[in-house]
Amino acid sequence: MNFDLREFNSFPIDLSLESEADPLEGAVEGVSFRDVVKMRINLQKVKEEYYCHGLVSAQIEVECSRCLEMFKTELATEMECVIKTGEGKPVLSSGVMEECIYLKQNEHVVDLTDVVRQALTLALPLKPVCREECRGLCPNCGVNLNEEECDCSEDEIDERWEGLRNLLE
Ligand SMILES: [Zn+2]
Ligand SMILES: [Zn+2]
């Protein structure tokens, strides 16, 4: 997830990047990446700094929090960072900007892997669901209710709440 700043003569500039997802594999727990990671980035230059802002999207496979089946989905989110060359604190930083990439003198290649990883991690839903109407697993016998009905009666499940109900009455 690199680009070389020497490739560009004028700013701002819009970039489209595609990168193998390999560096991200294992970076986000329970998620496996499929296909490439795509980035659409706007790059601006202010003195010795660059402001990088854009969108990142990735095809992923993740476990449904209800039925525990793996399903494919797209993760797409905004990302931003400041790329700083030279010394001192970043002038562009607003304080909320978390990501800053420092380049040493004579260093021109920007590696966005960490920025992308962080953006995608934050974009991942806490409880992914394969589809809104996913019925999940039966809390009693554990069958996948999307695939089969089970014989557990409502009563059996209710029994577990009996003690609570008595308390309330
Ligand atoms: Zn599901
Ligand atoms: Zn059941």
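Bear in mind that the values here come from a model prediction, so they are computed numbers and not experimental data. Throughout, numbering of the chain's residues begins at 1 and tracks the sequence. Atoms within each ligand, like the ligands themselves, are counted from 1 in listed order.
Cys67 contributes SG and Cys130 contributes SG; the angle these two atoms make at the Zn ion (ligand 1) is 110°, rounded to 10°.
Remark: Glu74 CD is packed, more than 12 non-hydrogen atoms of other residues, nucleotides or ligands lying under 6.0 Å away. Counted within 6.0 Å of CZ on Arg131, heavy atoms from surrounding residues, nucleotides or ligands total more than 12; the atom is thus considered enclosed.
Here the Zn ion (ligand 2) has protein N, O or S atoms under 2.8 Å from it, and they come to 4.
Although no hydrogens or angles enter the test, the distance criterion places a donor-acceptor pair under 3.5 Å between the side chain of Thr85 and the main chain of Glu48. With Asn2 contributing its side chain and Val109 its backbone, the two residues share no donor-acceptor pair below 3.5 Å.
If you chain together ILVMFWY residues whose side-chain heavy atoms come under 4.5 Å of each other, Val143 ends up grouped with Leu145.
Checking Glu107 against Tyr102 by side-chain atom types alone, no donor-acceptor pair falls below 3.5 Å.
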